[in-house]
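Every chain is numbered from 1, with letters handed out A, B, ... down the list of sequences. As the structure is a prediction and not an experimental result, all values here were calculated from the model.
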There are 2 protein chains.
Amino acid sequence: MPAATLTPVFAALGDDTRWAILARLGEAPASASALAREFPISRQAIVKHLDLLSSAGLVESERVGRELVHRALGGRLSDVARELERIGRQWDSRLARIKRLAEEF
Amino acid sequence: MPAATLTPVFAALGDDTRWAILARLGEAPASASALAREFPISRQAIVKHLDLLSSAGLVESERVGRELVHRALGGRLSDVARELERIGRQWDSRLARIKRLAEEF
DNA sequence: CGGATATGCAACTCTGGCATTGCACATCGA
DNA sequence: TCGATGTGCAATGCCAGAGTTGCATATCCG
């Protein structure tokens, strides 16, 4: 998973309102209009957040009659998490190696 | 780990330049001036990114003579990763439970 | 000492993105 | 059928933050 596909996900998660919406969808799927009733912002604002979350692969949508029901994709979040874990360990091991070399001489 | 401490981290990671700087520090520690020589932006821009990364707990700094050497904290990244993994699994299990209930009736 | 290099602080510009409002169109239900 | 509800599209307002420049201060080294 290249960094190019990673930063958009972080950008999507890095907004309080968007995170709140995503967490809400994690509880149960919902339409944009339903979310607009629960949050103190307009439906259009909700829609834009959903678009961003969708293009980051964090939300999937399905048409049901006149409604568009959105749901949070936990699997995607877990994928990103595993990648982060890997990178974090790499940084620390590199740092340890540098420290070891520095003390050796 | 509350969501309030989670979104600032994502916000910090959600900028390409900042991510590049952090990844660079993951390779080896460096000062702001050194980074400014490697990146196509001013030292002040670098400093602001470092401040943000620092307040997100992703970077730690240490004074060495007249230099301030910054290093990436992989441990912090791993912590966030584990939290994400947990949340992602929760979402999927909740969704599975809802689906099961829906099909049962 | 004095030049070179590193950091710190402040003011400023400017673009991106969060949010709003208004209207048109589709679909459901009494 | 008609009112209510849900989505789609477009124009606009506004502010945070990414980046710049300029200058002052501190530290290293010849």
- Message: I'd like the 5' and 3' limits of the part of DNA chain C contacted by chain B, with heavy-atom contacts below 4.0 Å.
- Response: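 Answer, 5' to 3': dA4(C) to dA11(C).
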
- Item | Residue pair Pro8(B) / Ala56(B): nearest heavy atoms and the distance that separates them |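 Smallest heavy-atom distance, with atoms named: O-CB, 4.2 Å.
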
Looking only at side-chain N and O atoms, does [X] come under 4.0 Å of OP1 or OP2 in [N]?
X        : N       : value
Ser42(B) : dT21(D) : no
Arg37(A) : dG6(D)  : yes
Ser33(A) : dT5(D)  : no

- Any side-chain heavy atom of Leu77(A) within less than 4.5 Å of one from Leu13(A)?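 Answer yes - side chains close enough.
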
- Item | Flag side-chain contact, heavy atom, 4.5 Å: His49(A) against Ile41(A) | yes

- Using a cut-off of strictly less than 4.0 Å between a heavy atom of the residue and any atom of DNA chain C, enumerate the qualifying residues of residues 52-68 of chain A by number. Leu52(A), Gly65(A), Arg66(A)

- Message: Both Ser31(B) and Lys48(B) contact DNA chain C. Taking the nearest nucleotide for each, which residue is further toward the 5' end?
- Response: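 Counting from the 5' end, the first nearest nucleotide belongs to Ser31(B).
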
- Item | Most 5' of Arg18(A) and Ala34(B) on DNA chain C, judged by nearest nucleotide | Ala34(B)

In whole Å, I'd like the distance from the [atom1] atom of [X] to the [atom2] atom of [N].
X        : N       : atom1 : atom2 : result
Leu50(A) : dG6(D)  : CG    : P     : 15 Å
Asp51(B) : dA18(D) : CG    : P     : 12 Å
Asp16(B) : dG17(D) : CG    : P     : 17 Å
Ile41(B) : dT21(D) : CD1   : C1'   : 15 Å
Arg43(A) : dC9(D)  : CZ    : P     : 11 Å

- Message: Taking the basic N atoms (NZ, or NE/NH1/NH2) and the acidic carboxylate oxygens, is any pair closer than 4.0 Å for Arg63(B) and Glu67(B)?
- Response: no

- Message: If the threshold is 4.0 Å, N to carboxylate O, is there a salt bridge linking Glu83(A) and Arg86(A)?
- Response: yes

- Task: Assign the ring pair Phe10(A) / Trp19(B) to parallel, tilted or perpendicular, where the plane angle (0 to 90°) is split at 30° and 60°.
- Result: tilted

